[in-house]
Amino acid sequence: MLFAFSVAPTVSDPDGSVHRAVADAVAIVRASGLPHQTGPMFTTIEGEWDECMDVIRRATEAVGEHGPRVSLVIKADIRPGHDHGEIEGKVQRLNAAIEQLDSGK
């Protein structure tokens, strides 16, 4: 399973930044040992339901230490039979499809 999630406090630093709170969340993801990728808006983790949800819960709790309210968005790709390697596999298949389109022009 892949879970893409974004978690942030609803109250930011005076300059509008939430990077300190997000850093605490990403540190939990990195310490989890699960395959992961962090982008500018979402972090994606790969693993079983319970282990991913535990990481997301702990990351959310860490962000909660930065303010009285937290926003959490989760998107999941649940695909039985594709247990490992999808965090890179999906991107590889997409790039191959784009290359095929480009070579057909």
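Keep in mind that what you see is a predicted model, and the values were worked out from it rather than measured. Heavy-atom basis, side chains included; hydrogens, waters and symmetry copies ignored. Residue numbers start at 1 and run along the sequence shown.
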With Lys90, the side-chain hydrogen bond (donor to acceptor under 3.5 Å, both in side chains) member among Thr44, Asn95, Asp77: Asp77
Distance-minimising heavy-atom pair for [X] and [Y]:
| X | Y | value |
| --- | --- | --- |
| Val7 | Ala25 | CG1-CB, 3.8 Å |
| Ala62 | Ile28 | CB-CD1, 3.5 Å |
| Val63 | Ala21 | CG2-O, 3.5 Å |

To the nearest 0.5 Å, what is the distance between CZ (Arg30) and OG1 (Thr43)? 8.5 Å
Nearest 0.5 Å, what's the CD1-CE distance between Ile87 and Met1? 14.5 Å
Donor-acceptor pair, Glu46 side chain versus Glu86 backbone, under 3.5 Å? yes
Any sub-3.5 Å donor-acceptor pair from Ser6's side-chain atoms to Val73's backbone N or O? no
A quick test of your reading: do over 12 heavy atoms of other residues, nucleotides or ligands sit less than 6.0 Å from CZ of Arg57?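 Atom CZ in Arg57 is crowded, with more than 12 foreign heavy atoms closer than 6.0 Å.
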Do [X] and [Y] sit in one hydrophobic cluster, given that two such residues count as connected whenever their side-chain heavy atoms are within less than 4.5 Å of each other, even indirectly?
| X | Y | value |
| --- | --- | --- |
| Val29 | Ile74 | yes |
| Ile45 | Leu2 | no |
| Val55 | Phe3 | yes |
| Leu72 | Val18 | no |
| Leu34 | Ile78 | yes |

Could you tell me whether Glu65 and Arg20 make a salt bridge, using a distance below 4.0 angstrom between a side-chain N and a carboxylate O? no
